[in-house]
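Here the structure is a predicted model, which is why all the values come from computation and not from measurement.
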Amino acid sequence: MNSHELIESFGEFARSKNIDRPTMMSILDDVFRTMIRKKYDEDSNFDVIINPDNGDLEIWRNREIVDDNSEDIWDFDKIPLSEAQKIEPDFEIGETLPESVKLEDFGRRAVLMARQTLIQRVKDLERDNLYQKYKDQVGEIVTGEVYQVWSREALIMDKDDNELVMPKGEQIPKDRFRKGDTVRAVVHRVEVINGTPKIILSRAAPAFLERLFELEVPEIYDGLITIKNVVREPGERAKVAVESYDERIDPVGACVGMKGSRIHPVVRELENENIDIINYTDNLELYIARALSPAKVGSMKINQESGRVSVFMKPDQVSLAIGRGGANIKLASRLVGMEIDVFREAIDYEEDIALEEFSDEIEAWVIAELKKIGLDTGRAVLAVKKDDIVRRTELEEEMVDDVYRVIRQEFADDEDIDENALETAKNNVAASKAAAKDEATTEEAGAGSAAEVAQ
């Protein structure tokens, strides 16, 4: 391979990788100087002239002519007069002798090594550019095309044909990608594995929802409204706390838009994720009440030291507060940064027994599981079907049967038991289920709950 073929092939490869001309020249110069140092030990007295456009390469070795008896005769940049005059008889001491060095003089093996080095340098530069580009875009939305879908991740190509990865855990559960689909996601993180950058995208991260609101709500983009916190159960439910720095702007109404015009595109992008927009406040009690929307809170007790809040509400509001699969109360707890426990407001404590009273026969963790779904008294447990308890907790059927047996035995031993009270508890649970059913996870429900909080 001659110099023309080497430089021309490298130039085409570099241009295909979008390497600019100054960088290409720098790489070529560095590689050829490395070859020179390997052969001559020094390269400071060499001139390397490259024209990548037409594949020209010139390498000139410059040496000063000295007397044959000089002490400097063995220096790398010196040449005896007798040797210089063999090249040109008119040379004199003190003059500079330029010699042209051909690429072929370095040997075929060195030339092939130079070619591999050039290609590797471009690939290294390409990886470094990719890392620097996306390192600065972490938390920002990018758009790409689905190239391939596997069971654990999807491969996305950006506009420059860079490979981006979206793991299954960073996808919305309802996402169903096909090759060729255009997808939007946020740059979640950038990792370097064995020297190769790996760009991780996410559609499940809270930052994705935040960036979508910035695109749809000009007031957020302009800084008039600030998103204080975002929590999500991807594809199911999300809560967004917003605050306005302008008294004339209603932050909730601005995010929802006229007839939901602003929130609907966000909901569609997130596969109909139900979004609650909450007006942020420094009043912790009011903030917690808003976070539990759409449920109505009766009263609460806040323990700042333990980071727990006990919320009391009417029986028909408990299921709304807990939400499907406990999503609402989990998100509310994460939004306010405290653990929220929901309890029914007891109408007549003499006719019911708190679950803690059964702690000698029912294990503490079982009681905790029941309380997570709002069942904090004996009658409340008996009023719920076994299948519902099994579905909504980590308890197995045999364990629920044991709980029923213990509670029924306690009430059977109570001479003042009132069957009407148990029937009333069942009716309350039925009412709470009906209320929860009305809370359909649709786009309109997301806008509706946001408007309700705004009031």
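- One finds the CD1 atom of Ile362 at 6.5 Å from the CG atom of Leu355 (value rounded to the nearest 0.5 Å).
- By the side-chain contact (heavy atoms from CB on, under 4.5 Å) test, Asp128 is found to be paired with Gln132, residues two or more places apart in sequence or in another chain being considered.
- A donor-acceptor pair under 3.5 Å is formed between the side chain of Ser244 and the backbone N or O of Ile249.
- Annotation: Met113, atom CE; neighbour count of heavy atoms from other residues, nucleotides and ligands within 6.0 Å does not exceed 12.
- Residues Lys239 and Ile278 have side chains in contact (heavy-atom distance under 4.5 Å, counting atoms from C-beta outward).
- Asp181 is linked by a side chain to side chain donor-acceptor pair (under 3.5 Å) to nothing, counting only residues two or more places apart in sequence or in another chain.
- Taking the ring pair (Phe, Tyr, Trp, His ring centres under 6.0 Å) definition, one finds that Tyr131 meets it with nothing, sequence neighbours left out.
- Applying the ring pair (Phe, Tyr, Trp, His ring centres under 6.0 Å) test to residues at least two apart or on different chains, the pairs with a partner in residues 265-310 are Tyr280-Tyr287.
- We find that Arg237 and Glu273 are not joined by a salt bridge, their nearest charged nitrogen and carboxylate oxygen being 4.0 Å or further apart.
- Both the sub-6.0 Å distance and the 45° axial angle are not jointly satisfied by Arg211 relative to the ring of Phe208.
- Side-chain contact between Ile263 and Phe213 is present, with heavy atoms from C-beta onward closer than 4.5 Å.
- The minimum heavy-atom distance linking Ser293 with Asn328 is given by the pair O-OD1, 3.3 Å.
- Checked against salt bridge (charged side-chain N to carboxylate O under 4.0 Å, His left out), Asp43 has the following partners two or more places apart in sequence or in another chain: Arg33, Arg37.
- One finds a salt bridge joining Arg184 and Glu269 here, because a Lys/Arg side-chain nitrogen approaches an Asp/Glu carboxylate oxygen to under 4.0 Å.
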### Task
Tell me, with the steps shown, if Val381 and Ile389 meet side-chain contact (heavy atoms from CB on, under 4.5 Å).
CA-CA 9 Å; Val381 174; Ile389 295 179; 4.2 Å; yes

### Task
Would you please test Lys198 and Glu191 for salt bridge (Lys or Arg N to Asp or Glu O under 4.0 Å) and show each step?
CA-CA 5 Å; Lys198 184 177 182 180; Glu191 300 175 347; 5.3 Å; no

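- Between Asp341 and Lys372 there is no salt bridge, since no side-chain N of the basic residue sits under 4.0 Å from a carboxylate O of the acidic one.
- In terms of the side-chain contact (heavy atoms from CB on, under 4.5 Å) criterion, residue partners of Thr182 (sequence neighbours excluded) are, by chain and number, Thr143.
- Remark: Lys314 NZ is loosely packed, at most 12 non-hydrogen atoms of other residues, nucleotides or ligands lying under 6.0 Å away.
- Of the charged side-chain nitrogens involved, at least one lies within less than 4.0 Å of a carboxylate oxygen, so that Arg248 and Asp246 count as a salt-bridged pair.
- Residues satisfying the salt bridge (charged side-chain N to carboxylate O under 4.0 Å, His left out) criterion with Asp401, sequence neighbours excluded, are Lys386.
- Electrostatic pairing of Glu236 and Arg324 counts as a salt bridge here, judged by a charged N lying under 4.0 Å from a carboxylate O.
- Evaluation of the side chain to side chain donor-acceptor pair (under 3.5 Å) rule for Glu363 yields Trp365 as partners, not counting sequence neighbours.
- By the side-chain contact (heavy atoms from CB on, under 4.5 Å) test, Glu356 is found to be paired with Ala354, Lys371, residues two or more places apart in sequence or in another chain being considered.
- Using a distance-only test at 3.5 Å, with no hydrogens or angles considered, a donor-acceptor pair links the side chain of Arg334 to the main chain of Arg232.
- Residues that satisfy the side chain to side chain donor-acceptor pair (under 3.5 Å) test with Glu219, not counting sequence neighbours, are Arg262.
- By the neighbour-count criterion of 12 heavy atoms within 6.0 Å, atom CD of Gln148 is densely surrounded, having more than that number from other residues, nucleotides or ligands.
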#### Entry: Stepwise salt bridge (Lys or Arg N to Asp or Glu O under 4.0 Å) check, Glu145 with Lys179
CA-CA 8 Å; Glu145 182 178 306; Lys179 185 175 182 178; over 6 Å; no

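- Judged by distance alone, the side chains of Ser202 and Glu170 do bring a donor and an acceptor atom under 3.5 Å apart.
- Salt-bridge formation is not detected for the pair Asp276/Arg290: no Lys NZ or Arg NE/NH1/NH2 atom is positioned less than 4.0 Å from an Asp or Glu carboxylate oxygen.
- At a threshold of 4.5 Å between non-hydrogen side-chain atoms, the residues Leu209 and Val266 count as touching.
- Expressed to the nearest 0.5 Å, how far CD1 of Ile199 lies from CE of Met166 amounts to 13.0 Å.
- Distance alone, capped at 3.5 Å, places no donor-acceptor pair between the Asp29 side chain and the Ser26 backbone.
- Looking at residues two or more places apart in sequence or on another chain, you find no side chain to side chain donor-acceptor pair (under 3.5 Å) involving Asn129.
- Applying the side-chain contact (heavy atoms from CB on, under 4.5 Å) rule to Glu163 yields the partners Leu155, Met157; only residues at least two apart in sequence or on another chain are considered.
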